[in-house]
Amino acid sequence: MRRIVLDMQTALFSEAVSDALDKSDPDFCVYCAESVEQAEALCRSCRAYALITEVTRRHPRTLEDRIALGKAVKAKVPSCKTVLLIDENADPELAAKVRQAKKDGLADNFIYGSISPTYLAAVIDAL
């Protein structure tokens, strides 16, 4: 079973992503961090396969914050993949920076908020 940790700004969005992953692949066990501070500890305690973390322009979810979180998680759980989630429609400029971060090797992958649940599960499965 692959354990996925979600770190999202709102509980509603986190639950929607969790439901999409749960319904798409029974091999995923999804944990939702209740706070940014909890995300790293949760990844460590469950030996996460992947951390899906939302990027916004506001601290503590800026791109720089998320990259730092990914590095901190990798230091404790080297096999954990960091996936950045961005709303490309609301902030195309930030989405371009997230894409560049992936190209620069600062994240394992990125996904847009507009993708289908099936595609989300496929991306996480293929990490």
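The side-chain hydrogen bond (donor to acceptor under 3.5 Å, both in side chains) contacts involving residues 39-49 comprise nothing, where partners must be two or more places apart or lie in separate chains. Every pair passing ring-ring contact (aromatic ring centres under 6.0 Å, His included) that includes a residue from residues 87-117 is listed here, sequence neighbours excluded: Phe110-Tyr112. Under the side-chain hydrogen bond (donor to acceptor under 3.5 Å, both in side chains) criterion, the residue pairs touching residues 78-90 are Glu88-Ser114, with sequence neighbours excluded.
Surrounding CD of Glu34 are at most 12 heavy atoms belonging to other residues, nucleotides or ligands under 6.0 Å away.
With a 4.5 Å cut-off on side-chain heavy atoms, Ile111 and Leu120 count as touching. Taking 4.5 Å as the limit, every side-chain heavy atom of Leu85 sits out of range of all side-chain heavy atoms of Thr53. Using a 4.5 Å heavy-atom threshold, the side chains of Leu106 and Gln100 count as separate.
Partners of Tyr119 according to the side chain to side chain donor-acceptor pair (under 3.5 Å) rule, which considers only residues two or more places apart in sequence or in another chain, do not exist here. Evaluation of the side-chain contact (heavy atoms from CB on, under 4.5 Å) rule for Asp19 yields no partner, not counting sequence neighbours. Here Thr56 pairs with Gln9, Glu54, Arg58, Arg61 under the side-chain contact (heavy atoms from CB on, under 4.5 Å) rule; sequence neighbours left out.
Without hydrogens or angle criteria, Arg57 side chain to Asp91 main chain gives no donor-acceptor distance under 3.5 Å.
Put simply, CG on Asp7 and OG on Ser35 are 8.0 Å apart, with the number rounded to the nearest 0.5 Å. Within the model, atoms CD1 of Ile86 and CG of Leu94 stand 3.5 Å from one another, a figure rounded to the nearest 0.5 Å.
A side-chain contact (heavy atoms from CB on, under 4.5 Å) with Leu51 holds for exactly one of Leu69, Val83, Leu6; it is Leu69. No option in Cys32, Cys29, Cys46 other than Cys46 meets the side-chain contact (heavy atoms from CB on, under 4.5 Å) test with Val5.
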Side chain to side chain contact (heavy atoms under 4.5 Å, CB included) assessment of Thr10 paired with Glu15 = CA-CA 9 Å; Thr10 63; Glu15 288 177 25; over 6 Å; no
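The two atoms that bring Ile67 and Ala101 nearest to each other are CD1-CB, 4.2 Å, heavy atoms only.
Val73 and Ile4 fall into different hydrophobic clusters, where Ile, Leu, Val, Met, Phe, Trp and Tyr residues are linked whenever their side-chain heavy atoms come under 4.5 Å apart, directly or through other members.
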